[in-house]
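For ligands, and for the atoms within them, numbers begin at 1 and follow the listed sequence.
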Amino acid sequence: MTSFSSPLSSAPAVRLSQVTRTYGRGDRAFTAVNDISLDVQQGQSLAVVGKSGSGKSTLMHLMALLDTPTTGEVDVLGTPSARLRPREKNLIRNRPFGFVFQQFFLNGSQSVFENVSLPLVIAGVPARQRRAKVMAALESMGLEGKARNAASDLSGGQKQRVVIARALVNDPAVIFADEPTGNLDSATGAHVEDLLFDLQRRRGITLVIVTHDPDLAGRCDERVTIADGRVAMEGARAA
Ligand SMILES: Nc1ncnc2c1ncn2[C@@H]1O[C@H](COP(=O)(O)OP(=O)(O)O)[C@@H](O)[C@H]1O
Ligand SMILES: [Mg+2]
């Protein structure tokens with residue numbers, strides 16, 4: 001069993017090598033991601049930008065092992081994902097990866113505490129340790145007072161902070177965020193952005209952020225623009 005807790009320090013967090021993803025077959029085949037190669041270095045923030053339908057979410061799902069390429073290879077922390085068993089992929093999604101999606105994916109009828117506990121329950125962490133980790137993650141998002149509230153009772157910004165707390169609770173190496181501020185007003189969105197970049201700066205967490213927002217993309221170390229499933233432009237942040 002491969003260990004992901006101490007990755008090779010020089011290995012990219014994620015490496016895509018000539019990755020293509022085609023949906024459907026025959027005349028209905030549609031290539032959403034077309035021969036993309038890119039590296040995301042550990043500790044880096046990468047913005048994936050492009051028009052709606054360009055293939056950004058498909059690309060992110062491939063990077064995060066939520067989807068499998070039709071051809072090409074995805075390496076995670078130096079390990080080729082094609083060699084991983086399903087159980088090992090699940091472990092990676094659960095441990096070194098955290099997810100922040102626009103649509104929140106919170107269970108509204110459960111408490112904030114229960115929502116944030118979920119990755120730890122999946123990982124089999126004992127209840128006492130779960131409690132400490134969940135409360136630490138909630139505190140880091142300023143939500144310690146909301147632990148017992150139903151998730152449905154929160155504002156949009158609070159919900160997104162709960163989602164970030166849940167992404168953080170397993171101490172991930174990489175956070176994947178798909179339009180993390182898309183449903184938030186600009187002030188709340190800016191606050192959520194600050195929280196994400198703070199995690200990158202203070203904990204060395206790698207960020208992969210799909211966004212339409214040029215300001216958010218401009219705050220990332222690197223940007224890749226996708227058009228019709230291909231890389232149209234790549235660039236680092238101006239100094
Ligand atoms: N499961 C699927 N089956 C068929 N086509 C899909 C599927 N998922 C996405 N697509 C198509 O792939 C293209 C890229 O989608 P997506 O990656 O969601 O783009 P983006 O996130 O940039 O808006 C779109 O044309 C979309 O309709
Ligand atoms: Mg999308």
Side-chain angles (χ1 to χ4, degrees), residues 13-40 44-76 81-82 86 89-90 92-93 97-106 156-157 159-164 166-167 172 174-186 188-190 192-193 195-197 206-235:
V14 181
R15 164 169 285 176
L16 301 188
S17 307
Q18 297 181 294
V19 166
T20 292
R21 173 68 164 100
T22 300
Y23 292 115
R25 291 164 171 273
D27 332 332
R28 297 182 157 231
F30 179 81
T31 296
V33 165
N34 199 341
D35 192 27
I36 291 187
S37 299
L38 63 85
D39 283 359
V40 188
Q44 186 186 50
S45 52
L46 172 73
V48 179
V49 296
K51 289 185 195 158
S52 182
S54 57
K56 304 181 298 295
S57 294
T58 303
L59 182 69
M60 200 188 73
H61 291 158
L62 292 164
M63 296 172 104
L65 308 185
L66 294 166
D67 189 13
T68 307
T70 309
T71 58
E73 192 170 285
V74 180
D75 298 350
V76 174
S81 60
K89 281 196 200 178
N90 282 333
I92 295 183
R93 284 192 292 258
F97 288 176
F99 297 96
V100 177
F101 292 143
Q102 180 185 6
Q103 313 87 322
F104 306 129
F105 292 125
L106 290 177
K159 282 181 185 156
Q160 198 59 311
R161 276 149 58 206
V162 174
V163 172
I164 297 174
R166 184 179 59 189
V174 187
I175 289 182
F176 293 94
D178 197 345
E179 303 281 3
T181 57
N183 280 343
L184 305 176
D185 64 70
S186 57
T188 311
V192 166
E193 285 176 23
L195 293 169
L196 288 171
F197 288 111
T206 307
L207 299 178
V208 178
I209 303 178
V210 168
T211 184
H212 273 96
D213 177 353
D215 292 336
L216 173 53
R219 293 182 68 177
C220 292
D221 301 321
E222 302 274 344
R223 271 165 299 288
V224 57
T225 305
I226 307 298
D228 295 329
R230 293 181 183 271
V231 174
M233 205 170 20
E234 274 179 277

(message) Can you check atom 26 (C) of ligand 1: any protein non-hydrogen atom closer than 4.0 Å?
(response) no
Mark yes or no for whether [X], through its side chain, and [Y], through its backbone, hold a donor-acceptor pair below 3.5 Å.
{"X": "T58", "Y": "A32", "answer": "no"}
{"X": "K89", "Y": "A82", "answer": "no"}
{"X": "R223", "Y": "V49", "answer": "no"}

Any idea which atoms of ligand 1 are less than 4.0 Å away from a heavy-atom of [X]?
{"X": "S57", "answer": "17 (O), 18 (O), 20 (P), 21 (O)"}
{"X": "T58", "answer": "15 (O), 16 (P), 17 (O)"}
{"X": "K51", "answer": "22 (O)"}

(message) Between ligand 1 and F30, is the shortest N or O to N or O distance under 3.5 Å?
(response) no
(message) Is it the case that ligand 1 has an N or O less than 3.5 angstrom from some N or O of L59?
(response) no
Any [X] heavy atom less than 4.0 Å to ligand 1:
{"X": "G55", "value": "yes"}
{"X": "G50", "value": "no"}
{"X": "H61", "value": "no"}

(message) I need the minimum non-hydrogen distance between T68 and L62, along with the two atoms involved.
(response) C-CD2, 3.5 Å
(message) Could you report the tightest heavy-atom contact between C220 and F197, atom names first, then the distance?
(response) SG-CZ, 3.8 Å
(request) Measure from the Mg ion (ligand 2) to each N, O or S atom of S57 and report whether any distance is below 2.8 Å. (result) yes
(message) Using 30° and 60° as the class boundaries, would you call the ring planes of F97 and F99 parallel, tilted or perpendicular?
(response) perpendicular
